[in-house]
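The figures here come from the full heavy-atom set of this structure, side chains too, leaving out hydrogens, waters and symmetry mates. Starting from 1, each residue takes its place in the sequence as its number.
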Amino acid sequence: MPLLCAAQIYDTNNVNVQTFVGSGFSGLVDGNGTQNMFNNPKAIIADLSSNIFVLDKGNSVIRKVTPAGDVTTFENSGVLQNYNYYLDRLSIDSLGTLWTTTDYWANFIQVYPDRNYNVLSMKAYNPAIQSAYGFCVDSHKNKYFTDSLANKIYLWDTNGVISVFAGSGNSGNIDGNGIFTSFNGPTSITIDAADNLYVWDSYNQLIRRITRSRDVITIAGALQQYGDPQDRDGVGTGAIISTVENMAVDASGNLILTCGRCVRKISQDLAVTTIA
């Protein structure tokens with residue numbers, strides 16, 4: 001929910017919402033609890049120690065929030081300012097390195113735990129790549145990212161080789177295996193404990209699952225038709241999901257979606273419910 005200037009807690013077990021950090025005033029002020037300011041926080045990710053990192057887009061910095069609610073400015077080198085307009089995603093790997101994508105240029109910015117940074121051009125690795133959008137890392141430290149313009153999902157393996165993991169490049173919504181499938185504007189991506197990928201196929205308004213063996217399966221959503229509600233809870237393709245900004249998998253295997261003005265959950269039995 002990018003226009004808020006505070007971070008909120010969504011308790012997915014009891015469906016309670018409370019303000020965790022942020023005063024609601026726009027600015028760049030560190031502090032504890034509500035005694036701080038953000039400016040258009042765009043993306044959020046947690047590390048293994050339950051610290052939260054926030055892409056504070058309006059300030060072109062990354063903020064760190066401890067479990068006690070202490071907010072500090074983690075990355076303020078100025079490098080994010082050069083790409084600010086296109087910054088939308090924030091991810092973290094098992095080594096604690098933060099990754100943010102710049103989409104239009106197909107670049108990644110790495111921010112290491114010691115706050116040093118590195119800018120990587122995906123076009124230098126593979127000229128066929130058009131845009132780098134969503135990003136995640138599996139249990140074997142392989143990296144995956146979506147190319148929303150090319151309608152492909154890429155695998156970046158531990159040897160540094162980038163290859164197409166799924167998607168033919170044709171625009172469509174065909175399930176199948178590997179490159180014999182189609183997407184239309186894949187953006188957000190996340191991964192579960194079993195290394196299944198989940199992709200928001202934005203123009204098709206579908207959630208697609210990709211297994212480790214590259215099988216692509218549509219699990220939820222349907223293309224909104226004239227007269228349909230903007231969002232509708234239901235089971236699998238009986239639900240309507242109009243937009244997804246970010247996705248994550250919780251400890252119970254539920255897929256949690258931020259959907260503009262609401263937070264929604266897809267349970268393992270594919271029931272789509274609005275939880276906040």
Side-chain angles (χ1 to χ4, degrees), residues 1-4 8 10 12 15 17 40-44 57 86-89 101 103-104 130-136 144-153 165-176 180-192 196-211 215-250 253-276:
M1 300 182 185
L3 297 181
L4 294 178
Q8 295 180 306
Y10 292 82
T12 58
V15 199
V17 181
N40 192 11
K42 184 67 176 179
I44 189 171
K57 185 177 175 72
Y86 300 99
L87 295 177
D88 283 304
R89 297 291 180 264
T101 58
D103 190 18
Y104 182 81
Q130 298 183 46
S131 64
Y133 207 89
F135 178 84
C136 64
Y144 303 84
F145 61 91
T146 57
D147 187 333
S148 57
L149 296 179
N151 298 318
K152 296 177 180 179
I153 289 80
F165 188 71
S168 61
N170 297 291
S171 175
N173 62 353
I174 297 175
D175 290 345
F180 299 101
T181 59
S182 59
F183 296 81
N184 192 1
T187 55
S188 297
I189 188 171
T190 191
I191 196 163
D192 66 16
N196 296 300
L197 298 171
Y198 297 85
V199 177
W200 169 237
D201 193 1
S202 64
Y203 291 119
N204 288 320
Q205 295 179 284
L206 300 175
I207 301 292
R208 318 283 292 278
R209 181 170 61 207
I210 311 175
T211 67
D215 291 323
V216 178
I217 306 161
T218 298
I219 64 168
L223 191 62
Q224 188 178 13
Q225 303 297 320
Y226 180 78
D228 285 341
Q230 185 175 10
D231 291 292
R232 180 177 67 206
D233 289 347
V235 177
T237 55
I240 294 177
I241 306 169
S242 60
T243 185
V244 173
E245 295 173 354
N246 284 286
M247 301 191 295
V249 179
D250 69 14
N254 300 304
L255 187 62
I256 308 299
L257 319 173
T258 56
C259 302
R261 295 181 179 274
C262 63
V263 177
R264 306 179 78 183
K265 177 173 72 174
I266 303 178
S267 60
Q268 294 190 60
D269 60 1
L270 303 186
V272 181
T273 55
T274 301
I275 61 173

Listed partners of Ser171 passing side-chain hydrogen bond (donor to acceptor under 3.5 Å, both in side chains), at least two apart: Asn184
With sequence neighbours excluded, residues passing side-chain hydrogen bond (donor to acceptor under 3.5 Å, both in side chains) with Tyr198: Asp192
Salt bridge (charged side-chain N to carboxylate O under 4.0 Å, His left out) against Arg264, all qualifying residues, sequence neighbours excluded: Asp231, Asp233
Min side-chain heavy-atom separation Cys136-Leu197 under 4.5 Å: yes
Test side-chain hydrogen bond (donor to acceptor under 3.5 Å, both in side chains) applied to Asp201 - qualifying residues, sequence neighbours left out: Asn204, Arg208
Non-neighbouring partners of Ala248 that pass side-chain contact (heavy atoms from CB on, under 4.5 Å), sequence neighbours left out: none
Thr237: partners by side-chain contact (heavy atoms from CB on, under 4.5 Å), with sequence neighbours left out: Thr218
Set of residues satisfying side-chain contact (heavy atoms from CB on, under 4.5 Å) with respect to Asp215, sequence neighbours excluded: Asn177, Thr211, Ser213
Residues forming a side-chain hydrogen bond (donor to acceptor under 3.5 Å, both in side chains) with Ser148, sequence neighbours excluded: Ser131
From Arg209 atom CZ to Asn196 atom CG, the distance as rounded to the nearest 0.5 Å: 6.0 Å
Residues in ring-ring contact (aromatic ring centres under 6.0 Å, His included) contact with Tyr86, at least two apart in sequence or another chain: Tyr104, Trp105
Non-neighbouring partners of Gln205 that pass side-chain contact (heavy atoms from CB on, under 4.5 Å), sequence neighbours left out: Trp200, Leu223, Gln224, Ser242
ring-ring contact (aromatic ring centres under 6.0 Å, His included) involving Phe183 - partner list, sequence neighbours excluded: none
